[in-house]
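The structure appears below as structure tokens.
Atoms considered below: every heavy atom in the structure, side chains included; atoms not considered: hydrogens, waters and symmetry mates.
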Amino acid sequence: MAFTVRGLKVPPNSASLEEARNRVFDFFRSACRSLPAIMDIYNLDDVTTVSQLRSTIASEIRKNSHVTDPKVIDMLLFKGMEELGNITEHAKQRHHIIGQYVVGREGLVQDFGAKDQGMSNFLKNFYRSNYF
């Protein structure tokens with residue numbers, strides 16, 4: 001599966017916004033097709049599902065939906081293809097993938113119940129800022 005991603009190249013400039021938009025859709029399709037291989041490479045079956053990773057990719061793409069300049073879209077597409085290439089070529093480790101795409105930017109949702117009454121604010125903030 002990794003070699004299908006290697007064959008997808010981003011031309012230097014898109015001629016129009018429509019062409020850039022079509023390239024983003026092609027990138028999304030190739031990223032979704034490589035998800036089962038990524039699940040196998042990083043052994044993510046116990047942590048997440050393919051559909052959760054697919055929705056994470058979609059949300060990352062939607063995060064930049066306000067961009068209308070084709071050159072900027074091409075640059076973002078190039079960055080996305082670099083990231084996907086690094087992931088499929090196993091340039092990242094499992095905890096990188098879990099931290100960036102499974103847990104996300106907001107971190108783990110932690111339950112600070114009655115057991116944490118004696119904990120200082122410093123420790124609460126420290127535990128909240130780290131993944132695990």
Side-chain angles (χ1 to χ4, degrees):
M1 275 308 213
F3 18 119
T4 60
V5 175
R6 288 184 192 157
L8 189 63
K9 301 258 188 241
V10 178
N13 291 324
S14 295
S16 66
L17 182 63
E18 187 65 29
E19 185 180 345
R21 185 174 176 264
N22 289 335
R23 287 189 182 139
V24 171
F25 287 139
D26 291 340
F27 169 71
F28 179 73
R29 278 187 217 102
S30 68
C32 288
R33 287 182 184 133
S34 65
L35 284 178
I38 291 170
M39 293 283 288
D40 290 338
I41 290 170
Y42 293 100
N43 195 19
L44 296 174
D45 294 322
D46 58 337
V47 179
T48 188
T49 63
V50 173
S51 64
Q52 287 173 336
L53 288 177
R54 188 181 312 116
S55 66
T56 302
I57 293 171
S59 69
E60 288 292 319
I61 290 174
R62 282 190 198 108
K63 191 168 62 174
N64 296 311
S65 65
H66 64 280
V67 178
T68 56
D69 185 10
K71 290 183 180 181
V72 176
I73 293 172
D74 287 341
M75 186 265 311
L76 291 170
L77 190 58
F78 178 75
K79 283 183 169 183
M81 293 195 60
E82 272 301 305
E83 184 74 14
L84 183 61
N86 287 340
I87 290 171
T88 56
E89 292 170 2
H90 211 261
K92 293 189 174 220
Q93 294 180 2
R94 184 175 191 260
H95 68 278
H96 295 141
I97 304 300
I98 293 172
Q100 291 174 347
Y101 301 107
V102 176
V103 174
R105 306 229 189 292
E106 62 274 352
L108 286 174
V109 177
Q110 295 180 354
D111 182 24
F112 290 117
K115 64 179 181 177
D116 296 328
Q117 293 294 336
M119 193 181 304
S120 68
N121 285 333
F122 172 78
L123 285 177
K124 287 180 185 178
N125 290 333
F126 176 77
Y127 291 138
R128 193 177 308 122
S129 68
N130 291 307
Y131 294 135
F132 303 103

Among all residues two or more places apart in sequence or in another chain, which pass the side-chain contact (heavy atoms from CB on, under 4.5 Å) test with [X]?
X	answer
Leu76	Asn64, Val67, Val72
Ala91	Asn86
Lys71	Asn13, Asp69
Ser65	none

> Looking at residues at least two apart in the chain, or sitting in another chain, which of them share a side-chain hydrogen bond (donor to acceptor under 3.5 Å, both in side chains) with Arg29?
Replying inline: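 Arg29 satisfies side-chain hydrogen bond (donor to acceptor under 3.5 Å, both in side chains) with Asp26 once adjacent residues are dropped.
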> For Thr49, which residues count as a side-chain hydrogen bond (donor to acceptor under 3.5 Å, both in side chains) partner, sequence neighbours excluded?
Replying inline: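 side-chain hydrogen bond (donor to acceptor under 3.5 Å, both in side chains) check on Thr49 returns Ser51.
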About how many Å separate [atom2] of [Y] and [atom1] of [X], when rounded to the nearest 0.5 Å?
X	Y	atom1	atom2	result
Met81	Thr88	CE	OG1	9.5 Å
Cys32	Phe27	SG	CZ	9.0 Å
Ser55	Glu60	OG	CD	10.5 Å

> Among pairs that include at least one residue of residues 39-62, which meet ring pair (Phe, Tyr, Trp, His ring centres under 6.0 Å), considering only residues two or more places apart or in two chains?
Replying inline: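 Matches after skipping sequence neighbours: Tyr42-His90.
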>> Show every ring pair (Phe, Tyr, Trp, His ring centres under 6.0 Å) that has at least one partner inside residues 54-73, sequence neighbours left out.
In response: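 Qualifying pairs: none.
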Quick one: salt bridge (charged side-chain N to carboxylate O under 4.0 Å, His left out) partners of [X], sequence neighbours excluded?
X	result
Asp45	none
Arg54	none
Glu83	Lys92

> With sequence neighbours excluded, what pairs up with Tyr101 under the ring-ring contact (aromatic ring centres under 6.0 Å, His included) test?
Replying inline: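 None.
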>> Just so I know, are the side chains of Ile57 and Leu84 near enough to count as touching, which here means a heavy-atom distance under 4.5 Å?
In response: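 Contact flag for Ile57/Leu84 side chains = no.
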>> Counting C-beta onward and ignoring hydrogens, is there a side-chain heavy-atom pair between Asp74 and Arg23 closer than 4.5 Å?
In response: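 Yes, their side chains come closer than 4.5 Å.
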> Given Leu53 and Leu44, is the side chain to side chain contact (heavy atoms under 4.5 Å, CB included) satisfied, shown in steps?
Replying inline: CA-CA 10 Å; Leu53 288 177; Leu44 296 174; 4.3 Å; yes
> Does a side-chain N-to-carboxylate-O contact under 4.0 Å join Arg21 and Glu18?
Replying inline: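 Salt bridge flag = yes for Glu18 with Arg21.
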>> Using side chain to side chain contact (heavy atoms under 4.5 Å, CB included), reason through Thr48 and Met39 one step at a time and then give a plain yes or no.
In response: CA-CA 9 Å; Thr48 188; Met39 293 283 288; 4.2 Å; yes
